[in-house]
Engineer: 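Please see the structure below; I have some questions.
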Amino acid sequence: MPVLDQQLIPVFDEVVTRNPGENEFHQAVHEVLESLGPVVAKHPEYADGEVIRRLCEPERQIIFRVPWVDDAGKVRLNRGFRVEFNSALGPYKGGLRFHPSVYLGIVKFLGFEQIFKNALTGLSIGGGKGGSDFDPKGRSDAEVMRFCQSFMTELYRHIGEYTDVPAGDIGVGGREIGYLFGQYKRITNRYESGVLTGKGLDWGGSQVRTEATGYGTVYFVNDMLTAVGDSFDGKTAVVSGSGNVAIYAIEKVHQLGGRVIACSDSNGYVVEENGIDLDLLKEVKEVRRGRLVDYAQARGSGAHYSATGSIWSVPCQIALPCATQNELDEADAAALASNGCLVVAEGANMPTTPEAIDVLRAANVRFAPGKAANAGGVATSALEMQQNASRDSWSFEHAEERLEKIMRAIHDRCLETADEYGATGDYVLGANISGFTQVADTMLALGII
Ligand code: NDP
């Protein structure tokens, strides 16, 4: 891990001491602080570390009990979280994750990342995140509904279109947002569309929100390629995961002339040299809620399924980690680099370990951090809020055009900031510094609150 600027070491030490055992949160803070040395040197107003210390402390952390009854009549118990991290730029905004691995440290890392990501979109949204250790896998629709209703029965008092606007993330898609919105509407007796994003198209959702994170990541990579006179045309790509982000990343790579030859889930990965059959993948994952092994079985001999080893050993020119945090380690990065990979862009949040990022940097593999590359999801959520506020609904083409422009603006903003700090082409530094300075300057303008 790169060392921190002397002035930032006490800030990081304090974060570790005040948040014991929250390793993912420590990692996310360290990654941002690594970029801030030149900022502290250039701007005396940040030098005492005061605003950075405040930024690392969430404005509010809510933890609550979520009891629910399963189909057999047994009472089940989960824990719910919402971390309202920073509202300098706008209402807290960020998804809800339902996965057994969720605890406070995961929610805080995601909320912290979200602050800078949301700033990069230029769309006046603060940062927050939430979720539960509930596992929707293998649960009936009725069980998922009862869980969501119980979760919202506590969460409703903390959210609102001007306060905090949750959305989906791992384990939370259109079905869950529907149950959550229904319960919010019932409890509050308000049709407050802007309180949640990722809604269905018939009840306040936006065109392109489902596709936005995956599409946006690929638009970002396209801009990275264009910046060096290259394109997707004829390139091979590997995409980890096979959920919302992965599926629509695959779709956009194919639309831009590339070929995705492998994808995965938490049980294994499939390699298909002729390209993943997206219609079938959508059918298996989105309609049947099946596993990747079901997809591979349906494809027969053209697809090779592996339950062991790493998807990153598959040679490719573009690698898009779109599953979960810390899924691409040092050995994976070395394999990608030695197989001639040109670009790694994070569709997921923090999927690349710090050691892996070092390996990619050393091998001159261009790298885009999630807070820039996957910002298309939250940006389109903000567009959904705009449509809700004006009781409007845009066409697919218009929403996609806005998304494409926003991704280009984020891309250019990262590169310009990197140039300004003498780190040409460093998207990590560009994203961190650009997001940080906007939020920190606003915090200073708003006083000590
Ligand atoms: P989904 O639940 O739709 O899909 C998640 C995918 O990742 C599944 O294929 C899942 O496999 C796999 N996965 C999850 N946990 C693990 C794990 N521990 N090990 C290996 N594979 C795992 O989630 P999304 O596609 O929405 O989210 C994926 C990533 O993108 C997350 O990091 C999320 O924070 C990030 N993101 C999502 C946004 C969105 O709009 N949805 C916006 C910005 C970022 P399995 O089914 O086997 O669990």
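In listed order, ligands and their atoms are each counted from 1. One-based numbering along the sequence shown. Everything numeric in this text was worked out from a predicted model, so none of it was measured.
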Engineer: Only heavy atoms of Cys322, strictly under 4.0 Å: list the atoms of ligand 1 that pass.
Structural biologist: 28 (C), 29 (C)
Engineer: Does Gly171 reach ligand 1 with a nitrogen or oxygen that is under 3.5 Å from one of the ligand's nitrogen or oxygen atoms?
Structural biologist: yes
Engineer: Would you call Asp294 and Arg289 a salt bridge, taking side-chain N to carboxylate O under 4.0 Å as the test?
Structural biologist: no
Engineer: Name the closest protein heavy atom to atom 39 (C) of ligand 1, giving the residue it belongs to and the distance to 0.1 Å.
Structural biologist: Thr213 OG1, 3.4 Å
Engineer: When the aromatic ring centroids of Phe81 and Phe151 are compared, is their separation below 6.0 Å?
Structural biologist: no
Engineer: Give the single entry among Gly94, Gly131, Gly290, Ala348 that approaches atom 30 (O) of ligand 1 most closely by any heavy atom.
Structural biologist: Ala348
Engineer: Decide yes or no on side chain to side chain contact (heavy atoms under 4.5 Å, CB included) for Trp394 and Val208, but give the supporting numbers first.
Structural biologist: CA-CA 10 Å; Trp394 304 345; Val208 189; over 6 Å; no
Engineer: Would you kindly specify which portion of Arg97 sits under 4.0 Å from ligand 1, judged on non-hydrogen atoms: side chain, backbone, both or neither?
Structural biologist: side chain
Engineer: Just how far is it from atom CG of Asn118 to atom NZ of Lys371, taken to the nearest 0.5 Å?
Structural biologist: 12.0 Å
Engineer: Check Arg18 with Glu57, please: is the shortest side-chain N to carboxylate O separation under 4.0 Å?
Structural biologist: yes
Engineer: So, regarding Gly377 and ligand 1 (criterion: nitrogen or oxygen to nitrogen or oxygen, under 3.5 Å), is there a contact or not?
Structural biologist: no
Engineer: Would you check whether Lys129 has a nitrogen or oxygen atom less than 3.5 angstrom from a nitrogen or oxygen atom of ligand 1?
Structural biologist: no
Engineer: Under 4.0 angstrom from atom 10 (C) of ligand 1, is there any protein heavy atom?
Structural biologist: no
Engineer: Evaluate Ser242 for polar contact with ligand 1, using N/O atom pairs at a separation under 3.5 Å.
Structural biologist: yes
Engineer: Looking only at protein heavy atoms, which one is nearest to atom 46 (O) of ligand 1, and how far off is it?
Structural biologist: Arg291 NH1, 3.1 Å
Engineer: Would you check if there is a donor-acceptor pair between the side chains of Ser193 and Asn388 at a distance under 3.5 Å?
Structural biologist: no
Engineer: Is any N or O atom of Arg209, backbone or side chain, closer than 3.5 Å to an N or O atom of ligand 1?
Structural biologist: yes
Engineer: Taking distance alone, with no angle check, do Asn244 and ligand 1 share an N/O pair under 3.5 Å?
Structural biologist: yes
Engineer: Could you work out, for atom 18 (N) of ligand 1, the closest of Thr380, Thr324, Asn349 by heavy-atom distance?
Structural biologist: Thr324
Engineer: Under 4.0 Å between a Lys/Arg side-chain N and an Asp/Glu carboxylate O for Arg79 and Asp133?
Structural biologist: no
Engineer: Between Gly241, Ala379, Gly243, Ala323, flag the one that comes closest to atom 31 (C) of ligand 1 by a heavy atom.
Structural biologist: Ala323
Engineer: Checking a contact table here: which protein heavy atom is nearest atom 48 (O) of ligand 1, and how many Å away?
Structural biologist: Lys137 NZ, 2.8 Å
Engineer: As a check for students: among Ile311, Asp169, Asn326, identify the option with a heavy atom nearest to atom 26 (O) of ligand 1.
Structural biologist: Asp169
Engineer: Quick one: does His99 get a heavy atom under 4.0 Å from ligand 1?
Structural biologist: yes
Engineer: With respect to Asn374, determine whether any N or O atom, backbone or side chain, lies less than 3.5 Å from an N or O atom of ligand 1.
Structural biologist: no
Engineer: Within the 4.5 Å heavy-atom criterion, are Asn222 and Lys252 side-chain neighbours or not?
Structural biologist: no
Engineer: Within the structure, does Asp265 bring an N/O atom to less than 3.5 angstrom of an N/O atom in ligand 1?
Structural biologist: no
Engineer: Looking only at protein heavy atoms, which one is nearest to atom 47 (O) of ligand 1, and what is the separation?
Structural biologist: Ser266 OG, 2.4 Å
Engineer: Flag the pair Phe85 / Phe112 as yes when their ring centroid distance falls below 6.0 Å, and as no otherwise.
Structural biologist: yes
Engineer: State whether a side-chain donor-acceptor pair under 3.5 Å links Asp332 with Ser310.
Structural biologist: yes
Engineer: Check Val245 against ligand 1 and report side chain, backbone, both or neither, counting heavy atoms closer than 4.0 Å.
Structural biologist: both
Engineer: Using a 4.0 Å heavy-atom cut-off, say whether Ser101 meets ligand 1 through its side chain, its backbone, both or neither.
Structural biologist: neither
Engineer: Salt-bridged, Glu22 to Lys108, with N to O below 4.0 Å?
Structural biologist: yes
Engineer: Using heavy atoms and a 4.0 Å limit, tell me yes or no: is Met350 in contact with ligand 1?
Structural biologist: no
Engineer: Closer than 4.0 angstrom, basic N to acidic O: yes or no for Asp164 and Arg60?
Structural biologist: no
Engineer: Is it true that Thr153 and Gln183 share a donor-acceptor pair across their side chains at a distance under 3.5 Å?
Structural biologist: yes
Engineer: Would you call Glu154 and Arg82 a salt bridge, using N to O less than 4.0 angstrom?
Structural biologist: no
Engineer: Could you find the nearest protein heavy atom to atom 23 (O) of ligand 1 and give me its residue, atom name and distance?
Structural biologist: Ile170 CA, 3.4 Å
